[in-house]
Protein chains: 2
Amino acid sequence: MVTIKDIAKKAGVSVGTVSNVLNNVETVRKDITEKVQKTIRELGYKPSRIASGLSRKVTKNIGLVIPDVASPFYSDLIKGITNKLTEYNYEVFLCNSNNDAEKEKNIISNLESLWVDGIIIVPVYSKYRNNDFLNNPDTQIVILNRDLEDINKDIILFNNYDGAYKATKLLIENKHNNIICLTGPKISQSASNRFAGWKKAMEEINNFKKAYSFWGKFTVESGYEMMKDAFGKIDSIDAVFAASDFLALGAIKAIKEKSLLIPQDISIIGFGDIYLCKYLDPSLTTINRPFRLIGEKSVEILLQRINGKKSEYKKIIIDGEIVNRSTVFKNTNG
Amino acid sequence: MVTIKDIAKKAGVSVGTVSNVLNNVETVRKDITEKVQKTIRELGYKPSRIASGLSRKVTKNIGLVIPDVASPFYSDLIKGITNKLTEYNYEVFLCNSNNDAEKEKNIISNLESLWVDGIIIVPVYSKYRNNDFLNNPDTQIVILNRDLEDINKDIILFNNYDGAYKATKLLIENKHNNIICLTGPKISQSASNRFAGWKKAMEEINNFKKAYSFWGKFTVESGYEMMKDAFGKIDSIDAVFAASDFLALGAIKAIKEKSLLIPQDISIIGFGDIYLCKYLDPSLTTINRPFRLIGEKSVEILLQRINGKKSEYKKIIIDGEIVNRSTVFKNTNG
DNA sequence: AATATTATATGAACCGTTTCATTTAATGAA
DNA sequence: TTCATTAAATGAAACGGTTCATATAATATT
């Protein structure tokens, strides 16, 4: 292994000078710079980021903690964050918390041992979280997608309420009235906020009925079951707001089994815009979550903090938009 | 920041002893061990993996290099590898080469600077690759999914040939004869090997025709175009072997546009088993690639090398299996 | 030519661990 | 009690960089 000392000796200069060349310090004479660079090339020298990290206490590494790295929800987020960080010459530790709060805690501790310069985390769902371990003032953290309590960090949220409201409004504008809501577990903030957005829009047309809302899990199976349940209880459903694309998928299956046509007999809108939506038949109208944008925003904020920004921690809320495809019946005039 | 020296001083022992406690060295007396551990807890001490890495020259970090981290092809692979490595107390640097050979080279160099203990890489497609940078004998590397030339490393491949052969055989067993093959670009080994598997099966029933094979890109659009092209040129197609699920998706669109029924009028089988296959309507019969298995295998092999295994580098080839769903017409008797 | 000023190079101390030769303490044998 | 043996603790050197006070070389001024 060739070290900075080898370069110094071979080039006939001091290690300090080699270090200066490596870090583009201005004061090195041009001919010396060239000689050192030549020697570096000749010996194939690669500075150790471990040694540099120890000495500088800055590693240029970032931790990224995700509840499920294989989930299509997060793939764009991971890509956005990784690419943006790479642009700024940071490396990223990808950590999978596997939806396990205990594991998440260990991961943070580990990342701190690794002296990462910062952490971006999508925290795990969990009703009774103790979030102290995220509050270490010496660790720069940006929190995504979960509105945790008692947190002294920057938080970036997706506007679930607004998205659900927009989705329901779209159905209403196209002359649907009996719009049911299929959502996730009550414990989930996303599920509750999307429910609330639907509720608001329904109240505006004086047609909010609690019985029109169904709480399940964010899975295809649950969507299927809830839709069948709804058909059994309500017989005038003309549209479905599904609080996740997977729920919509399950609901579509149940709708097809009843030989109803989408969107002629019943409209449906999903939530999330996972990448398969556009490949479905019919392709699914949905609300997109601009995860790439969220990823880039989170990097931007984190790097500002790392570079010493001291302002108040803030909460940023990012809106999604309707992605118009083929599952909402068009009926705007009349 | 609290260091090992602070612990040593507070506990009234030497730093060597604290280090021994941290690393569970047997020779430390029990009462001393406890006193040190208590002090560690009291001061909230966290050993620096940077310092430890410098001293030991072992970082317990692994680099994972993927051409597109958001691609559904790799999501299971990334998860499998990450989880397995975490089990063995390794952290993983996730690096996105963005299908760019130049970037890939930089990533490897970077990972070497980071003193990772090993690298798992899915190399980028590229016709004229120079693979020297992967041959550094001081860097432990396992190569996935691409059969690179002149490489002195372990390689794990998916058996594209066998998968395509099995897929085509399935169609043949169900009484299809005029089976066309939609595949990717000629530059791609996967595309060529899948073509070859199809060809072999077709030769076995004396029905291989070059005109029945179509070379495009591994995209939905390309699948659609090739299928339309095929319909224009051949009028007795009774089945399609699509060398990727995306190609199948495009082909299905073209088939539906001709008002043909799947699988009654025409059968189709995909390749890859990306997670949307089961949600399609009809759900897509395909060949799965056991990426989780491949991921775990690659970790196993890499860790053996890291732990000093010296045997010959080998090539491991892993077979996929048919995933029977709804796009192949069942007609085995008669 | 002597001195002041500026530009550049030096090298030792330091970052937080591990390691191991050496010292010290504890135990056993005579 | 003394010496030999074993068990445990010590602390300085090393890992590969960075940093900065100091030394030296180069240039400018008188």
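So that the names make sense, note that chain A is the first sequence line, chain B the second, and so on, each numbered from 1. Just so it is clear, the model here is predicted, and its values are computed rather than measured.
For the pair B/W115 CH2 and D/dC15 C1', the interatomic distance rounds to 6 Å; values are reported in whole Å. Taking atom NZ of residue B/K5 and atom C1' of nucleotide C/dT17, one finds them 9 Å apart after rounding to whole Å. Atoms CD1 (A/I4) and C1' (C/dG11) sit 12 Å apart, rounded to a whole Å. Atom pair B/D31:CG and D/dA8:C1' shows a separation of 11 Å (rounding to whole Å applied).
In the region residues 52-63 of chain B, proximity to DNA chain D at under 4.0 angstrom, judged on heavy atoms, holds for B/L54, B/S55, B/K57. Residues from residues 32-49 of chain A lying near DNA chain C, meaning a heavy-atom separation below 4.0 Å, are A/I32 in numerical order. Residues from residues 7-27 of chain B that place a heavy atom under 4.0 Å from any atom of DNA chain C, listed by number: B/G16, B/S19, B/N23.
Residues A/S311 and A/R305 are in side-chain contact: their nearest non-hydrogen atoms beyond the backbone lie under 4.5 Å apart. Considering only heavy atoms from C-beta on, B/L144 stays 4.5 Å or farther from B/I316 through its side chain. Between B/D100 and B/V124, the closest side-chain pair of non-hydrogen atoms is not below 4.5 Å. Taking 4.5 Å as the limit, some side-chain heavy atom of A/I40 sits within range of a side-chain heavy atom of A/L22. Within the 4.5 Å cutoff, side-chain heavy atoms of A/D117 are placed close to those of A/Y90.
Remark: the A/N23 side chain and the A/R56 side chain contain an N/O donor-acceptor pair separated by less than 3.5 Å. No side-chain donor-acceptor contact under 3.5 Å links B/S55 and B/S52. At a cut-off of 3.5 Å, with distance as the only test, a side-chain donor of B/N83 or A/N98 sits close to an acceptor on the other residue. For the residue pair A/R49 and B/N110, a side-chain donor N or O sits within less than 3.5 Å of a side-chain acceptor on the partner.
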Tabulate below the donor-acceptor pairs under 3.5 Å that side-chain atoms of residues 290-301 of chain A make, not counting sequence neighbours, or state none.
unit_1 : atom_1 : unit_2 : atom_2 : d
A/R292 : NH2    : A/D76  : OD1    : 2.9
A/S298 : OG     : A/I294 : O      : 3.2
A/S298 : OG     : A/G295 : O      : 2.6

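We find that A/E102 and A/K105 are not joined by a salt bridge, their nearest charged nitrogen and carboxylate oxygen being 4.0 Å or further apart. One finds no salt bridge joining B/D154 and B/K315 here, because no Lys/Arg side-chain nitrogen approaches an Asp/Glu carboxylate oxygen to under 4.0 Å. For A/E42 and A/K38, the salt-bridge test passes: some basic side-chain N is under 4.0 Å from an acidic carboxylate O.
Note that the two end axes of the helix from C/dA1-D/dT30 to C/dA30-D/dT1 enclose an angle of 50°, each drawn from 5 base pairs, rounded to 10 degrees.
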Take B/E149 and B/N131 through the side chain to side chain donor-acceptor pair (under 3.5 Å) test and state the conclusion after the steps.
CA-CA 8 Å; B/E149 312 265 311; B/N131 297 319; over 6 Å; no
Output one line per pair: protein atom, nucleotide atom from nucleotides 22-28 of chain D, and distance, for all N/O pairs under 3.5 Å.
none

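Annotation for A/Y88: atom OH does not count as buried by contact number, only 12 or fewer foreign heavy atoms lying within 6.0 Å.
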